There are 2 protein chains.
Amino acid sequence: MLRDDVTEAIRLAVFEELAASGYGRLSIEAVARRAGVGKTAVYRRWRSKLPMVIEVVSEVASMGLVLPDTGSLQDDLRMFVHVVARVLRHPLAAQIVPDLLAEAARNPEIADTLATALREAQRDSSAALVRKAVERGELPADTDPELALDLIAGPLYWRLAVARGPVSRDYLDRLAVAIGAALAAGRR
Amino acid sequence: MLRDDVTEAIRLAVFEELAASGYGRLSIEAVARRAGVGKTAVYRRWRSKLPMVIEVVSEVASMGLVLPDTGSLQDDLRMFVHVVARVLRHPLAAQIVPDLLAEAARNPEIADTLATALREAQRDSSAALVRKAVERGELPADTDPELALDLIAGPLYWRLAVARGPVSRDYLDRLAVAIGAALAAGRR
DNA sequence: GGACGACGCAACGCAACCGTTCCGTCGTGA
DNA sequence: TCACGACGGAACGGTTGCGTTGCGTCGTCC
């Protein structure tokens, strides 16, 4: 019964409002205002701000990243950093992701949402990447997948979301090479 | 004229309130309440929330990290990760740093404060670390200090502030080894 | 011992947002 | 054609925080 175009307008407004104000300052009034709908329309869909944000965010975040199997560790890593860089370069994502991660530190429900939607997907991706490399003989069998994820995701996240420095194609390629070397050295 | 004990109580309250509510939700009323002082005492010191937070945070953040020169790249890296890990494991820091970094994305004044107080200090540290290693012949001369900082700070920040996983002494040592290998591979 | 000033406290008017309710409109399906 | 229900809009009382003001207390310096 609820009109899809209204729902979609609200969804978009939630993202824009999250980026502009952050979760802490986000208000349902502002979301409705930005979406051009009445508060009633929002409350008809969600009981409050938390479930609204959780539903809207998890729907997008759980889409996951598509990471092809290129057949070599080095190319897998190149693919990985390029894909992640493309996502995190999106202005909305670059603004919202760090905000929600910070909020997750004090809100268990948001923490759960991000853990399942973002981290598990990424952990699985990197674990698969490592496993395949081990099977190919490109990495030692005792490579630590936990450490590997930190080495793969950390520098890129730092660069894009924390330091917010420029990221050239050349930089990403060199980063992938460096990560490959780090993985080979980071035995369990 | 302003009483030092009152000022100190407010400072502490700002940190606790930042950790508990985040910058977005932080209110001067709550700070005064937590510090056990009147709102008047706060407004007598700062015109509003932003200058208050900026002054209090920058005073602490600008203390900088002391990074000894051990004489070898590997030990320098071990020192670095252990020192940073100790700082970021502090509950207040672990809560406040990601929050302020997220807020910095939409507030230029906070961004400036963090850039000078945190990143410049850290960038200088890692740049010095790389420079010394190059002089010792442990790293190639064309090592990229920008990439180096990302490789050093990224994994640790990801682990401690994003994934919030456990960090054992053994893990830190292996991380330092992996970073060393990555640095050697990440030519400009 | 008296003046000064920071202190806590309470109250002010104002604004924003909460979650709810009522209303008149409009599109859709029976 | 008519009933139903989601819609936008307006208003509700209540809460929270803003930044300011006035007051009486208390410690300090002259």
Side-chain angles (χ1 to χ4, degrees), chain A residues 1-57 59 95-96 99-100 102-103 106-110 113, chain B residues 1-57 59 95-96 99-100 102-103 106-110 113:
Chain A
M1 304 254 172
L2 301 172
R3 268 167 49 189
D4 280 357
D5 58 335
V6 171
T7 305
E8 204 46 46
I10 296 176
R11 263 189 230 284
L12 177 58
V14 168
F15 281 115
E16 294 178 345
E17 206 59 33
L18 269 181
S21 307
Y23 178 82
R25 278 214 169 299
L26 178 138
S27 76
I28 291 192
E29 301 235 2
V31 168
R33 213 179 303 136
R34 187 186 287 266
V37 306
K39 275 200 294 179
T40 332
V42 178
Y43 280 107
R44 209 170 276 127
R45 287 164 173 80
W46 300 279
R47 316 161 94 254
S48 67
K49 161 169 132 176
L50 181 58
M52 175 182 73
V53 169
I54 284 184
E55 200 227 83
V56 171
V57 167
E59 180 149 327
Q95 197 96 286
I96 292 176
D99 186 89
L100 289 181
E103 188 63 29
R106 64 179 78 91
N107 192 319
E109 300 197 51
I110 291 185
T113 301
Chain B
M1 307 250 170
L2 301 172
R3 269 168 49 190
D4 280 355
D5 58 334
V6 171
T7 306
E8 203 46 46
I10 297 176
R11 263 188 232 286
L12 177 58
V14 168
F15 282 114
E16 294 178 346
E17 206 58 33
L18 269 181
S21 308
Y23 178 83
R25 278 218 169 298
L26 178 139
S27 76
I28 290 192
E29 302 238 359
V31 168
R33 212 179 302 136
R34 186 186 287 265
V37 306
K39 274 200 297 180
T40 333
V42 178
Y43 280 108
R44 211 172 274 127
R45 288 165 173 79
W46 299 281
R47 314 161 99 254
S48 69
K49 161 168 132 175
L50 181 58
M52 176 181 73
V53 169
I54 284 183
E55 201 228 81
V56 171
V57 167
E59 180 149 327
Q95 195 94 288
I96 292 176
D99 186 89
L100 288 181
E103 186 65 29
R106 64 180 78 91
N107 191 320
E109 300 197 51
I110 291 186
T113 302

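Model, not experiment: these values are computed from the prediction. Lettering follows sequence order; numbering is per chain, from 1. Computation of the quantities below employed the complete heavy-atom set of this structure, encompassing side-chain atoms and omitting hydrogens, waters and symmetry-equivalent molecules.
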I need the [atom1]-[atom2] distance between [X] and [N], as an integer number of Å.
{"X": "A:W46", "N": "D:dA6", "atom1": "CH2", "atom2": "P", "answer": "15 Å"}
{"X": "B:E17", "N": "D:dT16", "atom1": "CD", "atom2": "P", "answer": "14 Å"}
{"X": "B:L50", "N": "D:dC18", "atom1": "CG", "atom2": "P", "answer": "13 Å"}
{"X": "B:M52", "N": "D:dG19", "atom1": "CE", "atom2": "P", "answer": "10 Å"}
{"X": "A:M1", "N": "D:dC4", "atom1": "CE", "atom2": "C1'", "answer": "8 Å"}
{"X": "B:I10", "N": "C:dC7", "atom1": "CD1", "atom2": "C1'", "answer": "11 Å"}

Distance, nearest 0.5 Å, that separates CZ of B:R33 from NZ of B:K39 =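 So the CZ of B:R33 and the NZ of B:K39 are separated by 9.5 Å.
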For A:R25, report the nucleic acid contact type (base, sugar-phosphate, nothing); a contact means any heavy atom under 4.0 Å.
->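 Nothing, no nucleic acid heavy atom in range.
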For each nucleotide in nucleotides 18-30 of chain C, reading 5' to 3', give B when a protein heavy atom comes within less than 4.0 Å of its base, S when such contact involves only the sugar-phosphate, and - otherwise.
-> BBB----------
Evaluate the side-chain proximity of [Y] to [X]: yes if any heavy-atom separation is below 4.5 Å, no if none is.
{"X": "A:V57", "Y": "A:L18", "value": "yes"}
{"X": "A:I110", "Y": "A:L50", "value": "yes"}
{"X": "B:E17", "Y": "B:S21", "value": "yes"}

Using a cut-off of less than 4.0 Å, is there contact between a side-chain N or O of B:R33 and OP1 or OP2 of C:dG8?
->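 So the side-chain polar atoms of B:R33 never come under 4.0 Å of the phosphate oxygens OP1 or OP2 of C:dG8.
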Among A:I10, A:T7, A:D5, A:V31, find the one that has a side-chain contact (heavy atoms from CB on, under 4.5 Å) with A:V37.
->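 It is A:I10; the other options fail the test.
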Any salt bridge between B:R11 and B:E59, counting N to O under 4.0 Å?
->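 So B:R11 pairs with B:E59 through a salt bridge.
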